[in-house]
Amino acid sequence: MDDRMLTRLLDVSAPATTDVDEVDTAVSAVARATRPRSTRRTLTAIAAGGALVLATGTAAAAGPQLLTHLGWFAEASTTQVASDGTQCAQGFRVAATPEIPPSPEALTIARDALLATDLESIDISGVLEWLEPDVAAAEVVEGEPWSPTAASVEGLALYIALSERVREAVAAEGFDPQSIQLDAATECDGPLTVPVAP
Amino acid sequence: MTPDALESLIRNSARDVLRYFERRVAQPADAADCLSEVLLVLWRDRSRVPDDPLEARLWMFGIARTTLAAAGRRSGRRSAEVERLRALLEATPTDLHADSEGLAIDVREAIAGLPEAQREVVQMHHWEGLPLVDIAAVVGTSPSTVRSRYAAARASLAQALAPYGVDV
């Protein structure tokens, strides 16, 4: 038996898979169900890897150890004025995803990346562009905790950009970026929801 | 990557990614959860997916590779669509090649005995049919590293499979 025989043995060793038409149909259905159709769906997808909570109220000036309205201390925080003039304080912290416990090293790398990021100058223009179709299609639903105001969209964009940066740092060191999530709490001095006509 | 291009990528590659999981997870139904996770990550990170279709496909396999590490450990609510796929994978018998299955099991055991980095290259090359240079992109290393891992793996496998007449 020669080298070609070894290749043949390896080729036919592949475990069998479920090759019936019904699986193709079911895979297509899963793909359709996974596609975000609006910003709310995008948020659902994002929530798989982190937690973003917005609140109205008085935006306190963010200090180095901002106590968020969720009751935890932020590891990094910023106060920014959105393009509609709304002032928002945002706090962030690195956390472990419950599904995939990260290594202590991955958590440290993620925190270092968060602390090394200048929250005032991080570029969110690419994320805003990416969000644009979803924001345009977003429906304003009474009672929904999130609506597409300038402040909430820009807050969301900062959260996404920061999440990507932290996860990229974790992946660059050979750890699973999905084991890390970024929690965020945002408080703004203006309305975060669009008024709904009675 | 645009939503349309991402949908096209998913349409063309989701089935292959499902097969990738089916060949590796302990419980066939878990492949459905893994596929769903990969698709969620693709949509969430779509700004990072390469525009080139081949690069995007390899990027998708890279996501699948990291997702596999957590297979069977995920929890949470599943969509009805994922439940339906899980049920199908559980209920449908796979096409076992009766003539060669005994031999295939022995070859798989020989592959399983390889160091992880070598095993991964052999499986992706022979089971998914990925060229070595593409495997390098999926695992995030150089083509020369993948080639040397593959050569070492073949040498070990030839030795392990000598009883089947493979020349050593």
Side-chain angles (χ1 to χ4, degrees), chain A residues 1-3 5-20 22-37 41-42 44-50 97-101 126-127 129-131 133-134 160-161 163-164 167-168 171-172 174-179, chain B residues 3 6-7 10-11 14-15 18-19 22-24 28 32 35-37 39-48 66-67 69-70 73-76 79-82 84-85 88-89 92-97 100 103-105 107-108 111 122-123 125-128 154 157-158 161 164-167:
Chain A
M1 199 184 298
D2 57 17
D3 210 41
M5 181 60 181
L6 176 58
T7 299
R8 174 76 184 137
L9 282 177
L10 295 173
D11 285 344
V12 300
S13 72
T17 56
T18 317
D19 285 323
V20 294
E22 284 169 295
V23 171
D24 286 332
T25 307
V27 166
S28 298
V30 170
R32 278 195 304 275
T34 313
R35 188 202 191 294
R37 294 186 192 85
R41 292 295 298 272
T42 302
T44 305
I46 289 165
T97 52
E99 296 87 358
I100 316 169
V127 182
E129 193 179 327
W130 176 75
L131 281 173
D134 284 333
I160 293 172
S163 294
E164 286 184 356
R167 285 209 171 97
E168 277 169 7
F175 295 98
D176 182 359
Q178 294 171 53
S179 66
Chain B
L6 190 54
E7 283 199 329
I10 291 170
R11 203 165 39 248
R15 193 69 181 84
L18 181 69
R19 289 191 187 98
E22 276 193 272
R23 292 178 182 125
R24 288 163 177 82
L35 175 66
S36 169
E37 177 70 19
L39 299 183
L40 279 171
V41 171
L42 281 176
W43 282 110
R44 187 191 67 200
D45 295 348
R46 88 172 183 239
S47 62
R48 295 170 55 202
T66 53
T67 301
R73 284 193 281 131
R74 295 185 188 284
S75 58
S79 68
E81 291 82 2
V82 172
R84 163 80 178 138
L85 181 56
L88 263 176
L89 296 177
T92 311
T94 51
D95 177 24
L96 301 178
H97 306 289
S100 61
L103 175 57
I105 289 172
V107 176
R108 286 204 289 271
I111 294 171
V122 169
Q123 289 173 338
H125 189 53
H126 291 279
W127 295 1
E128 274 75 43
R154 278 191 77 100
L157 290 170
L161 298 171
Y164 289 102
V166 176
D167 292 332

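This is a predicted model, so every value here is computed, not measured. Reckoned from all heavy atoms, side chains included, excluding hydrogens, waters and symmetry mates. Quick note on labels: first sequence line is chain A, next is B, and so on, each numbered from 1.
The two atoms that bring A:Thr34 and B:Ser36 nearest to each other are CG2-O, 4.2 Å, heavy atoms only. The minimum heavy-atom distance between A:Val12 and B:Ala104, with the atom names listed, is O-CB, 3.9 Å.
Between A:Asp19 and B:Arg15 there is a salt bridge, since a side-chain N of the basic residue sits under 4.0 Å from a carboxylate O of the acidic one.
Your options are B:Leu35, B:Val122, B:Val107, B:Val82, and the one with the most heavy-atom pairs under 4.5 Å with chain A is B:Val107.
Counting heavy atoms from C-beta on, the side chains of A:Thr18 and B:Leu88 never come closer than 4.5 Å. With contacts defined as side-chain heavy-atom distances shorter than 4.5 Å, the pair A:Val30/B:Arg84 does not qualify. Two residues are said to be in side-chain contact when any heavy atoms from C-beta on lie closer than 4.5 Å; A:Pro15 and B:Arg108 meet this criterion.
Interface remark: B:Leu18 contributes side-chain atoms only to the contact with chain A (heavy atom separation under 4.5 Å). Both the backbone and the side chain of B:Leu85 come within contact range of chain A, with heavy atoms under 4.5 Å apart. When heavy atoms are compared at a cutoff of 4.5 Å, B:Ile111 approaches chain A solely by way of its side chain, counted from C-beta outward. In this structure, the portions of A:Thr7 lying under 4.5 Å from any heavy atom of chain B include both its backbone and its side chain.
Between the side chain of A:Glu164 and the main chain of B:Asp45, no donor-acceptor pair closer than 3.5 Å is present.
Considering only residues two or more places apart in sequence or on other chains, B:Glu128 meets the salt bridge (Lys or Arg N to Asp or Glu O under 4.0 Å) condition with B:Arg23, B:Arg24. When the salt bridge (Lys or Arg N to Asp or Glu O under 4.0 Å) test is applied to B:Arg154, the partners found at least two apart in sequence or on another chain are A:Asp3.
Here the CH2 atom belonging to B:Trp127 is positioned 10.0 Å from the CG atom belonging to A:Leu10, to the nearest 0.5 angstrom.
Annotation for A:Arg8: atom CZ does not count as buried by contact number, only 12 or fewer foreign heavy atoms lying within 6.0 Å.
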